[in-house]
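Notes for the one structure printed next.
Naming convention: chains lettered A, B, ... in sequence-line order (proteins, then strands); numbering from 1 in each chain. Hydrogens, waters and symmetry mates play no part in the numbers below; they use all other heavy atoms, side chains included. These numbers come from a predicted model, not from an experiment.
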2 protein chains.
Amino acid sequence: MSDVGASNLTERCRLAGLRITGPRKAILKVLEDSSDHPDVEELHRRVKRVHPGINIATVYRTLNVLSEHDLIERHSFDDGRTRYETIPEEHHDHFIDIDTGEVVEFVSEEIEAMQEEIARRHGFEIVSHRLDIFVRRRDP
Amino acid sequence: MSDVGASNLTERCRLAGLRITGPRKAILKVLEDSSDHPDVEELHRRVKRVHPGINIATVYRTLNVLSEHDLIERHSFDDGRTRYETIPEEHHDHFIDIDTGEVVEFVSEEIEAMQEEIARRHGFEIVSHRLDIFVRRRDP
DNA sequence: CTCTAGTTGCGAATGATTTGCAACTGGCAT
DNA sequence: ATGCCAGTTGCAAATCATTCGCAACTAGAG
């Protein structure tokens with residue numbers, strides 16, 4: 001019962017009609033085990049540890065399929081490459097430390113609520129959003 | 001006094017120590033005249049109308065120089081290409097209509113304030129941020 | 001007017017991501 | 001179990017956005 005989450009993403013893939021192949025199992029496992037926001041190259045590196053033969057094109061293709069099915073989330077901060085994370089239980093936003101590149105997640109009900117409010121005023125319905133705050137550590 | 005803004009960006013370039021060349025004049029003019037958020041290819045297209053011979057590499061280089069000097073702002077929504085806009089008088093965030101691709105700007109003091117608050121709680125100092133809200137028009 | 005560091009055009013190089021294609025393989029239907 | 005076949009994979013080549021090397025220019029300081 002410790003890795004309930006493990007079957008979760010795989011199960012959702014199955015429900016989405018995706019075939020659970022060897023390479024995919026490996027990719028899904030790595031995604032589930034990653035609590036950070038790795039880019040494709042890093043994911044490929046991690047996946048190779050459990051499924052050595054895998055080609056990076058497969059990683060790209062799988063990530064695309066997964067994100068098209070809303071099973072993972074794609075981010076583009078500002079470093080040129082795309083980064084991924086599993087869809088979090090509850091939505092969150094990001095602090096990006098511009099000195100270290102570290103990513104910290106946070107949630108704010110108030111901000112979310114205010115977004116809804118503003119969107120409504122503009123006649124929009126929110127589909128999704130992203131809030132990335134670029135920060136640096138306060139001088140101690 | 002109608003196009004005060006026109007000499008503005010050019011002037012700021014001069015102050016930043018940049019040489020105002022023919023190609024640059026053209027690029028600056030296009031940037032000033034653009035109220036949308038064009039990508040490099042689109043900017044190149046527009047610049048060619050006023051300075052036909054210009055190479056896209058020049059556009060790239062100039063945009064990089066400008067944004068390094070904080071004279072324009074670079075955005076990466078989710079379509080893979082980078083888009084630019086002149087630095088707005090006051091900061092704003094974006095609604096992106098996922099059906100049409102249209103970008104609408106908005107400001108919210110409250111959200112800004114709330115971000116400061118949250119960052120402080122996390123021991124961060126905000127350098128900048130971006131809030132992109134992906135929306136669709138409310139059914140009438 | 002001269003000189004030179006900053007700029008430009010061009011084409012080739014890069015880096016990230018996609019695609020064509022032939023060989024495989026899950027997993028539903030026998 | 002067994003066979004079938006659309007979905008998937010590996011590989012290499014292709015594509016896309018962006019950068020770079022370099023020789024030829026040119027603002028604009030002196």
To the nearest angstrom, the CG-P distance between D39(B) and dC16(D) comes to 14 Å
Roughly, in whole Å, what's the span from CZ in R83(A) to C1' in dT17(C)?
17 Å
Any Lys/Arg nitrogen of E41(B) or R45(B) sitting under 4.0 Å from an Asp/Glu carboxylate oxygen of the other?
no
Hey, does the side chain of N55(B) come within less than 4.0 Å of dT8(C)'s phosphate (OP1/OP2), counting only N and O?
no
Checking side chain to side chain contact (heavy atoms under 4.5 Å, CB included) against K48(A), which of H44(A), H51(A), R46(A) comes through?
H44(A)
Between dT9(D) (P) and I54(A) (CD1): distance, integer Å
7 Å
Residues at least two apart in sequence or cross-chain that pass ring-ring contact (aromatic ring centres under 6.0 Å, His included) with F106(B), listed by chain then number, are F95(B)
Residue that, paired with H37(B), satisfies side chain to side chain donor-acceptor pair (under 3.5 Å) out of R83(B), E102(B), H94(B):
H94(B)
Closer than 3.5 angstrom, by distance alone: can the side chain of R24(B) be matched with the main-chain N or O of R19(B) as a donor-acceptor pair?
yes
For the pair made of CZ in R81(B) and P in dT19(D), what is the distance, rounded to whole Å?
15 Å
May I have the distance from H44(A) (atom NE2) to dT9(D) (atom P), rounded to whole angstrom?
12 Å
Determine the contact category for R61(A): base if any of its heavy atoms lies under 4.0 Å from a base atom, sugar-phosphate if only primed atoms, P, OP1 or OP2 are that close, otherwise nothing.
base
Is the phosphate of dC10(C), meaning OP1 or OP2, less than 4.0 Å from a side-chain N or O of T58(B)?
no
Between the two end axes of the helix from dC1(C)-dG30(D) to dT30(C)-dA1(D), each built from 5 base pairs, what angle do you get to the nearest 10°?
30°
Measure OH/Y60(B) against C1'/dC10(C) and give the value in whole Å, please.
16 Å
Nearest-nucleotide comparison on DNA chain D, the residue closer to the 5′ end among V40(B) and V59(A):
V59(A)
According to a strict under-4.0 Å criterion, is T62(B) in side-chain N/O contact with OP1 or OP2 of dT8(C)?
yes
I56(A) has an atom CD1; how far is it from atom C1' of dT18(C), in whole Å?
12 Å
With respect to the phosphate group of dT18(C), does any side-chain polar atom (N or O) of N64(A) fall under 4.0 Å of OP1 or OP2?
yes
Would you mind reporting whether I111(B) and Q115(A) have side-chain heavy atoms less than 4.5 Å apart?
yes
Trace of the salt bridge (charged side-chain N to carboxylate O under 4.0 Å, His left out) decision for E117(B) with R120(B):
CA-CA 5 Å; E117(B) 164 68 15; R120(B) 189 167 351 100; 3.2 Å; yes
Distances under 3.5 Å between protein N/O atoms and the N/O atoms of nucleotides 26-30 of chain D, please, pair by pair.
unit_1  : atom_1 : unit_2 : atom_2 : d
dT26(D) : O2     : R19(B) : NH2    : 2.5
dA27(D) : O4'    : R19(B) : NH2    : 3.4
dG28(D) : OP1    : I20(B) : N      : 3.1

Between R137(A) and D99(A), is any pair of side-chain heavy atoms under 4.5 Å apart?
no
Under 4.0 Å between a side-chain N or O of R24(A) and OP1 or OP2 of dG7(D)?
no
Integer-rounded Å distance: dT14(C) P and E41(A) CD
16 Å
Test item: C13(A) and L71(A) side chains (from C-beta on) under 4.5 Å apart, heavy atoms:
yes
How are the rings of H75(B) and F77(B) set relative to one another: parallel (under 30°), tilted (30 to 60°) or perpendicular (over 60°)?
parallel
